[in-house]
Amino acid sequence: MLYPDRDLTRFENKNRIPAQRVNGNALLKNMIEIGDRTIIEVDAQGDYHFNATFENGRFLAAALKKSGSKDSNAIADVLTIYEDVFNHQAFTGRSGAMFGYEGLGSIYWHMVSKLLLAVQENYFSSYEQDPTFQETKKLAEYYYRVRAGIGFNKTPDVYGAFPTDPYSHTPKQAGAQQPGMTGQVKEEILTRFGELGLLVKNGQIYFQPSLLKQSEFLVDESKFEFININGEYETISLAPKSLAFTYCQIPFIYEIANAAQIVVQMTNGEALSLASLELDTEMSRLIFSRRGDIKQIRIALQSSMLLP
């Protein structure tokens, strides 16, 4: 939830000044006695309220200045009472006063996806220190727990909309609301490439699919259709124990094998084999530039490199 649900102060209980605070302030007590209602008023039930025309403390301070009072302690106390009554410093707008429109009790999908990205970043940080850390394994578990809560894992009747569509928020009394290209899309693109283990560091692409589940690989033969660098539809046949995706409109095919390696297929027919799971700066630049020099890249991965 963006802001936890809570009980709000009822309207008739707002802007109520405790009687002891009024009686303990010489300025306010005198104003009540002489019938001066410029600062506070008293209602039919005998409850005290600040003048409703004050928009904030600056309006109150201006009215106190006009009162002509020289009692600095009483004036300071009135300003303190005003803040104690309204607690303006804790006011957060709709998040503290509204139930719809990303308000109280709403699931805010962009924030959930931000949490997903934050957990993933901490996972990779822990993985770099030691892949065998218990904390590293726990972060991977937590990552997929967060991921399981995001819309695309839900059924339409639970989500209240098409699960693969991005929505702003879900209030407690209804389904997903406000469809659109929200920030959630950006975070989930980032986390998906993190899951696939396609990472970039110092301008170089390298592969570390430690968050990628073995269950994502194909069991049977399949076809992968994509739009290539020239804007044309293209189809690649995929074997069992493989998966495919595009990056900079270049198809990358993962295959489970006995030894890890990369094979870069150039458009001129040349094939470059690399023993490590890292592309140098020049090869990475060819991918980023989308010049069309590279046709496809096949990456052989050992099953031990994947998340069980």
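A donor-acceptor contact shorter than 3.5 Å is absent between the side chain of Gln261 and the backbone of Ala275. For the pair Asn153 (side chain) and Arg147 (backbone), a donor-acceptor distance under 3.5 Å is present. The main-chain N or O of Gly203 is never found under 3.5 Å from a side-chain atom of Thr281 such that the two would form a donor-acceptor pair. Judged purely by atom type and a 3.5 angstrom limit, Asn122 uses its side chain to pair as donor or acceptor with the backbone of Ala118. For the pair Asn228 (side chain) and Asn230 (backbone), a donor-acceptor distance under 3.5 Å is present. A distance-only check finds a donor-acceptor pair linking the side chain of Asn23 to the backbone of Ala19 [under 3.5 Å]. Side-chain N or O atoms of Thr170 include none that pairs as donor or acceptor with a backbone N or O of Tyr159 at under 3.5 Å. A distance-only check finds no donor-acceptor pair linking the side chain of His49 to the backbone of Glu41 [under 3.5 Å].
When the shell of 6.0 Å around CZ of Arg145 is examined, it contains 12 or fewer heavy atoms from other residues, nucleotides or ligands. For Arg192, the CZ atom counts as densely surrounded, since its 6.0 Å shell holds more than 12 non-hydrogen atoms of other residues, nucleotides or ligands. At most 12 heavy atoms of other shown residues, nucleotides or ligands fall within 6.0 angstrom of atom CG in Asn202. For Glu221, the CD atom is loosely surrounded, since the number of other residues' heavy atoms within 6.0 Å does not exceed 12. Summarising the local packing, NZ of Lys295 is surrounded by 12 or fewer heavy atoms from other residues, nucleotides or ligands at distances under 6.0 Å. Taking a 6.0 Å sphere around CG of Asn258, one finds it holds 12 or fewer heavy atoms contributed by other residues, nucleotides or ligands.
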Quiz prompt | Worked check of side chain to side chain contact (heavy atoms under 4.5 Å, CB included) between Ile256 and Gln302 | solution = CA-CA 6 Å; Ile256 297 177; Gln302 295 169 296; over 6 Å; no
Practice problem: Using the side chain to side chain contact (heavy atoms under 4.5 Å, CB included) rule, take Leu277 and Tyr206 through it: C-alpha gap first, then chi angles, then the decisive distance, then the call. | Solution: CA-CA 6 Å; Leu277 293 182; Tyr206 67 100; over 6 Å; no
Quiz item: Should Ile227 and Tyr233 be marked as a side chain to side chain contact (heavy atoms under 4.5 Å, CB included) after you check the CA-CA gap, both sets of side-chain angles, and the distance that decides it?
Solution: CA-CA 5 Å; Ile227 299 175; Tyr233 280 94; 3.9 Å; yes
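Leu139 and Phe124 fall within a single hydrophobic cluster, where Ile, Leu, Val, Met, Phe, Trp and Tyr are joined by side-chain heavy atoms under 4.5 Å apart, directly or via other members. Under a hydrophobic clustering in which Ile, Leu, Val, Met, Phe, Trp and Tyr are joined whenever their side-chain heavy atoms come within less than 4.5 Å, directly or via other members, Phe152 and Leu243 fall into different clusters. Both Leu286 and Leu279 sit in one connected hydrophobic cluster of ILVMFWY residues. Membership requires side-chain heavy atoms under 4.5 Å apart, directly or through other members. Val263 and Leu238 are not part of a single hydrophobic cluster, where members link through side-chain heavy atoms under 4.5 Å apart. Two different hydrophobic clusters hold Phe193 and Tyr143 under the rule that ILVMFWY side chains link at heavy-atom gaps under 4.5 Å.
At a threshold of 4.5 Å between non-hydrogen side-chain atoms, the residues Lys114 and Leu117 do not count as touching. In this structure, Leu196 and Tyr247 have side chains that are not in contact, with every pair of non-hydrogen atoms separated by 4.5 Å or more. Two residues are said to be in side-chain contact when any heavy atoms from C-beta on lie closer than 4.5 Å; Tyr144 and Leu211 meet this criterion. Side-chain atoms of Leu306 and Phe217, non-hydrogen and from C-beta on, do get closer than 4.5 Å to each other. In this structure the side chain of Leu190 never reaches within 4.5 angstrom of the side chain of Gln120, judged on heavy atoms. Put simply, the side chain of Arg37 reaches to within 4.5 Å of the side chain of Ile32, judged on heavy atoms. Side-chain contact between Glu83 and His88 is present, with heavy atoms from C-beta onward closer than 4.5 Å. Residues Ile229 and Arg291 fail the side-chain proximity criterion, which asks for heavy atoms closer than 4.5 Å.
With no hydrogens or angles considered, no side-chain donor-acceptor pair links Lys172 and Ser106 at under 3.5 Å. A donor-acceptor contact closer than 3.5 angstrom links the side chains of Gln204 and Glu278. A donor-acceptor contact closer than 3.5 angstrom is absent between the side chains of Gln265 and Arg298. Under the 3.5 Å distance criterion, with hydrogens and angles disregarded, no donor-acceptor pair is assigned to the side chains of Ser69 and Asp71.
Using a 4.0 Å cut-off between a side-chain N of Lys or Arg and a carboxylate O of Asp or Glu, Arg285 and Glu282 do not qualify as a salt bridge. Under a 4.0 Å N-O distance rule, the pair Glu141/Lys138 qualifies as a salt bridge.
Note on ring orientation: taking the six-membered ring where Trp is involved, the planes of Phe245 and Tyr254 are perpendicular (angle over 60°, cut-offs 30° and 60°).
The distance from the OG1 atom of Thr191 to the CD atom of Glu121 is 10.0 Å, given to the nearest 0.5 Å. The line from CG of Leu274 to CD1 of Ile299 is 10.0 Å long, rounded to the nearest 0.5 Å.
None of Asn25, Leu60, Leu27, Thr80 except one satisfies the side-chain contact (heavy atoms from CB on, under 4.5 Å) rule with Ile75; the exception is Leu27. Checking Glu187, Gln184, Lys186 one by one against His110, the side-chain hydrogen bond (donor to acceptor under 3.5 Å, both in side chains) holds for a single residue, Glu187.
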